[in-house]
*Asks:* 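Before we start, here is the structure in question, set down as structure tokens.
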There are 2 protein chains.
Amino acid sequence: MKADKNLLSGSTTLLVLSLLAAGDKYGYEMIAELDARSDHTFTLTLKEGTLYPILHGLEKDGAVNSYTREASTGRTRKYYHITRKGLRRLEEQKREWTAFSQKVNAILSALSPAEGEALSGPASS
Amino acid sequence: MKADKNLLSGSTTLLVLSLLAAGDKYGYEMIAELDARSDHTFTLTLKEGTLYPILHGLEKDGAVNSYTREASTGRTRKYYHITRKGLRRLEEQKREWTAFSQKVNAILSALSPAEGEALSGPASS
DNA sequence: CCTAATACCTCGTCCTTCTAGGTATAATAT
DNA sequence: ATATTATACCTAGAAGGACGAGGTATTAGG
């Protein structure tokens, strides 16, 4: 329940940049898209209080820029567009994520066979 | 450089439990093992200031228990042993991690083909 | 003898996310 | 007509997790 939130840590910016690399989007839309992609299972939920400050930070860094648009519904939306700088950053973070997740998976899969050894030491559960 | 630290967030407990599931270990050993497994590339580095509080927390929760042992070198080591409760927790966190990382990977790989759509909207980089 | 390595620990700081609030407009229900 | 819900944006402060920097003690090596 609580671990999900923690897992998100650090990969939030990566996810935001990824979404924007697929096309310009506005904040509310990104949250809805992530929510839909995680089948509403709370696996990948991004909160407004998290997203908006991140978008502002990315814009300040020049990784994205924004423009407002009137939707056909009459609503004003603020769209974000990823820049070349943002794309470079995305690639870099993607590499880091891949390296990291592979290492974690390697450790996770390497533990089961050594189960016998775990019981060889003095233990009391 | 800095993103690595953040990526670690949330999966630290999972990694610690994984290491212990492969056999009883002491703190210093776990740090060295993770460092070796990440080829010293800083991808998976766990710091003492992070590990020890986590181990104490896990022990308080009953996920691990500990015993001291005199090594052949004459040094006193504090070994940690994972309990049944800890194993259950490990399995749960493993599932969460797997679900999470798969979703992230799905998003990462789903972005490139939509590149054309990204340029259909009004944009200015 | 003095330094480096082993082995443990903790406190305060920083960074990231969330909670909980706020504003404003459009659509829907009453 | 009016109230509620949904859309769409925002922010300040709280909370949580990892780290840096410090500390202690013992052993090995120069």
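We name chains A, B, ... by the order of the sequence lines, and we start the count at 1 in each one. In what follows, every heavy atom counts, from backbone to side chain, and hydrogens, waters and symmetry copies are set aside. Since this is a predicted model, take the numbers as computed values, not measurements.
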*Asks:* I want to verify a distance call: between C:dT19, C:dC8, D:dA8, whose nearest atom is closest to the B:Y52 side chain?
*Replies:* C:dC8
*Asks:* Between A:F100 and B:W97, how do the two ring planes meet: parallel, tilted or perpendicular, split at 30° and 60°?
*Replies:* perpendicular
*Asks:* I'd like to know if A:E48 reaches the base of D:dC10 with its side chain such that a donor and an acceptor end up less than 3.5 angstrom apart.
*Replies:* yes
*Asks:* Does OP1 or OP2 of C:dT17 have a side-chain N or O of A:T12 closer than 4.0 Å?
*Replies:* yes
*Asks:* If you only use heavy atoms from C-beta on, which nucleotide in D:dT11, C:dC9, D:dG20 is closest to the side chain of A:P53?
*Replies:* D:dT11
*Asks:* Below the 4.0 Å mark, does D:dC10 have OP1 or OP2 next to a side-chain nitrogen or oxygen of A:K78?
*Replies:* yes
*Asks:* Whole angstroms only, please: what is the CG-P distance between B:L55 and C:dT10?
*Replies:* 11 Å
*Asks:* Between B:K25 (NZ) and C:dC8 (P), how many Å, whole number?
*Replies:* 13 Å
*Asks:* Could you check which of C:dA7, D:dA8, D:dC19 has an atom nearest any side-chain atom of A:Y28?
*Replies:* D:dA8
*Asks:* Decide, yes or no, whether a salt bridge links A:D61 with A:K85 under the criterion of side-chain N to carboxylate O below 4.0 Å.
*Replies:* no
*Asks:* Do A:N105 side-chain atoms and A:S101 backbone N/O form a donor-acceptor pair below 3.5 Å?
*Replies:* yes
*Asks:* Between A:G49 and A:R75, which residue's closest nucleotide on DNA chain D lies nearer the 5′ terminus?
*Replies:* A:R75
*Asks:* How would you label the contact of A:L46 with the nucleic acid (heavy atoms, under 4.0 Å): base, sugar-phosphate, or nothing?
*Replies:* nothing
*Asks:* Any idea which of D:dC19, C:dC8, D:dA6 is nearest the B:T50 side chain?
*Replies:* D:dC19
*Asks:* Look at the side chain of A:T50 and the backbone N and O of A:L46, then say whether any donor-acceptor pair between them is shorter than 3.5 Å.
*Replies:* no
*Asks:* Ignoring backbone atoms, establish whether A:H56 has a side-chain N or O less than 4.0 Å from OP1 or OP2 of D:dT11.
*Replies:* yes
*Asks:* Select one nucleotide: of D:dA6, D:dC9, C:dA7, the one nearest the side-chain heavy atoms of B:R77.
*Replies:* C:dA7
